[in-house]
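Here the structure is laid out as structure tokens; the discussion comes afterwards.
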Amino acid sequence: NGGAPDAKNLRVKLVLLGDSGVGKSCIVLRFVRGQFDPTSKVTVGASFLSQTIALQDSTTVKFEIWDTAGQERYAALAPLYYRGAAVAVIVYDITSPESFTKAQYWVKELQKHGSPDIVMALVGNKADLQDSREVPAQDGIDYAEKNGMFFIETSAKTADNINQLFESVSVQLS
Ligand code: GTP
Ligand code: MG
């Protein structure tokens, strides 16, 4: 790649998990296409997208992204997507305590059944909706720290921290 001598090309399987409506598909759309869709439709089964980024040292990281469906009826499919994943991004909506509880369920499920060296990130999305916030940032910080996870709040709507999320995950892998 013509970069630094220690530059690498990584391929990373990443899965997004979390309650329906928390904004998983919007996070992926923002990251991959730089767009936001206020009329985003619920995901059926799962969808696949990929995106490559370059890090400071010229290492490239190709993310192979599985965007899972959060509706309860698809919960049994999740292992198909998180099995073998190097990274799990577990998303909740900062305006929804129920979605924060659901995120904790996914963390426990991955601790039991995910790859033992999986990198987990906890993401509080919809950070643009500060006036409707019901999950304090500190609750996310504390839970992530207890479980050895990376934590960030994002907004797929404003693009706030979306690239940072994927860059931070990359740095932990490279
Ligand atoms: P499932 O596919 O059912 O699991 O849902 P999902 O997590 O993929 O949710 P999706 O990305 O489809 O977003 C659900 C709704 O939340 C849509 O109406 C989005 O426009 C809205 N939304 C997503 N991200 C944000 C955000 O950062 N801020 C705001 N204000 N709305 C958002
Ligand atoms: Mg979706």
Side-chain angles (χ1 to χ4, degrees), residues 12-51 53 63-110 113-114 118-141 143-144 147 149-170:
V12 175
K13 181 179 167 184
L14 180 149
V15 64
L16 285 108
L17 295 162
D19 221 350
S20 182
V22 298
K24 298 178 297 299
S25 297
C26 287
I27 288 170
V28 175
L29 186 70
R30 173 60 78 185
F31 175 56
V32 174
R33 304 231 173 87
Q35 298 167 354
F36 177 68
D37 178 5
T39 64
S40 178
K41 290 186 190 63
V42 300
T43 302
V44 172
S47 83
F48 178 82
L49 284 105
S50 78
Q51 171 73 316
I53 63 169
F63 284 107
E64 299 175 338
I65 303 169
W66 285 100
D67 170 24
T68 65
Q71 286 185 335
E72 198 54 43
R73 71 181 81 158
Y74 301 111
L77 296 178
L80 296 176
Y81 303 106
Y82 68 66
R83 198 171 293 143
V87 179
V89 173
I90 296 165
V91 185
Y92 65 92
D93 168 351
I94 66 155
T95 74
S96 163
E98 298 75 27
S99 75
F100 186 55
T101 301
K102 192 61 191 269
Q104 298 174 24
Y105 160 85
W106 283 118
V107 172
K108 287 178 201 124
E109 164 111 1
L110 285 164
H113 303 296
I118 195 164
V119 170
M120 286 199 274
L122 181 66
V123 175
N125 189 44
K126 308 198 188 181
D128 55 288
L129 300 178
Q130 286 302 331
D131 292 348
S132 316
R133 177 191 286 274
E134 291 198 31
V135 183
Q138 196 61 47
D139 289 9
I141 293 168
Y143 185 79
N147 289 277
M149 305 169 75
F150 173 76
F151 175 74
I152 196 166
E153 287 193 348
T154 59
S155 169
K157 185 175 179 180
T158 66
D160 204 34
N161 276 348
I162 298 293
N163 287 339
Q164 286 84 343
L165 162 63
F166 290 89
E167 280 161 21
S168 303
V169 159
S170 304

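Order of appearance sets the numbers: ligands from 1, and atoms from 1 within every ligand. Computed from a predicted structure; not experimentally measured.
- In terms of protein heavy-atom proximity, atom 5 (O) of ligand 1 is nearest to Gly21 N, 2.9 Å.
- Near Asp128, the atoms of ligand 1 lying under 4.0 angstrom from a non-hydrogen atom of the residue are 26 (C), 27 (O), 28 (N), 29 (C), 30 (N).
- Proximity to Thr43 (heavy-atom distance under 4.0 Å) selects the following atoms of ligand 1: 1 (P), 2 (O), 3 (O).
- Listed for the Thr68 side chain is no donor-acceptor partner under 3.5 Å among the backbone atoms of Ala46.
- Here the side chain of Gln71 pairs no donor or acceptor atom with the backbone of Val42 at under 3.5 angstrom.
- Closest to atom 13 (O) of ligand 1 by heavy atom, among Gly23, Ser99, Gly18, is Gly23.
- Less than 4.0 angstrom separates some heavy atom of Val42 from each of these atoms of ligand 1: 2 (O), 3 (O).
- For Glu64, the salt bridge (charged side-chain N to carboxylate O under 4.0 Å, His left out) partners are Arg11, not counting sequence neighbours.
- No part of Ala127 comes within 4.0 Å of ligand 1, judged by heavy-atom distances.
- The main-chain N or O of Ser155 is never found under 3.5 Å from a side-chain atom of Asp160 such that the two would form a donor-acceptor pair.
- Judged by the 6.0 Å and 45° rule, Lys102 forms a cation-pi pair with Tyr105.
- If you number the atoms of ligand 1 from 1 as listed, the ones under 4.0 Å from a heavy atom of Ser40 come out as 10 (P), 11 (O), 12 (O).
- Residue-ligand proximity, Lys157 to ligand 1, at heavy-atom distances under 4.0 Å covers atoms 26 (C), 27 (O), 28 (N), 30 (N).
- With Ser170 as reference, Ile53 is the one residue of Val87, Val12, Leu165, Ile53 to meet the side chain to side chain contact (heavy atoms under 4.5 Å, CB included) rule.
- For atom 24 (N) of ligand 1, the candidate residues are Asn125, Leu16, Thr95, Thr39; the nearest heavy-atom contact is made by Asn125.
- Tally of protein N, O or S atoms closer to the Mg ion (ligand 2) than 2.8 Å: 2.
- Once rounded to the nearest 0.5 Å, the distance linking CH2 of Trp66 with CG of Leu49 reads 10.0 Å.
- Nearest heavy atom pair, residue Leu17 against residue Lys24, reads C-CD, 3.5 Å.
- Within the structure, ligand 1 has Asp37 among the residues with a heavy atom less than 4.0 angstrom away.
- The parts of Val22 lying near ligand 1 are both backbone and side chain, judged by heavy-atom distances below 4.0 Å.
- If you take CD1 on Ile141 and CD1 on Ile152, they are separated by 11.0 Å, rounding to the nearest 0.5 Å.
- Of the inter-residue distances, the one linking Leu110 atom CG with Ile118 atom CD1 reads 5.0 Å to the nearest 0.5 angstrom.
- Against a heavy-atom cut-off of under 4.0 Å, Pro38 is close to the following atoms of ligand 1: 18 (O), 20 (O).
- Between the Ser99 side chain and the Ser96 main chain, a donor and an acceptor come within less than 3.5 Å of each other.
- Across Ser20, Gly124, Ser25, heavy-atom proximity to atom 1 (P) of ligand 1 is greatest for Ser20.
- The closest non-hydrogen atom to atom 19 (C) of ligand 1, taken over Ser155, Ala46, Ala156, Cys26, comes from Cys26.
- Within the structure, side chain to side chain donor-acceptor pair (under 3.5 Å) contacts touching residues 73-83 (residues at least two apart or in different chains) are Tyr82-Glu109.
- In this structure, Phe36 counts as a contact residue of ligand 1, since one of its heavy atoms falls inside 4.0 Å of the ligand.
- Note that NZ of Lys157 is 14.5 Å distant from CD1 of Ile27, once rounded to the nearest 0.5 Å.
- Atom 16 (O) of ligand 1 has as its closest protein heavy atom Lys126 NZ, 3.1 Å.
- Rounding to the nearest 0.5 angstrom, the gap separating the CG atom in Leu122 from the CE atom in Met149 is 4.5 Å.
- Near Leu129, with a cut-off below 4.0 Å to any heavy atom, the atoms of ligand 1 are 30 (N).
- Under the side chain to side chain donor-acceptor pair (under 3.5 Å) criterion, the residue pairs touching residues 39-48 are Ser25-Thr43, Asp37-Thr39, with sequence neighbours excluded.
- Listed by number with element, the atoms of ligand 1 under 4.0 Å from a non-hydrogen atom of Asp19 are 7 (O).
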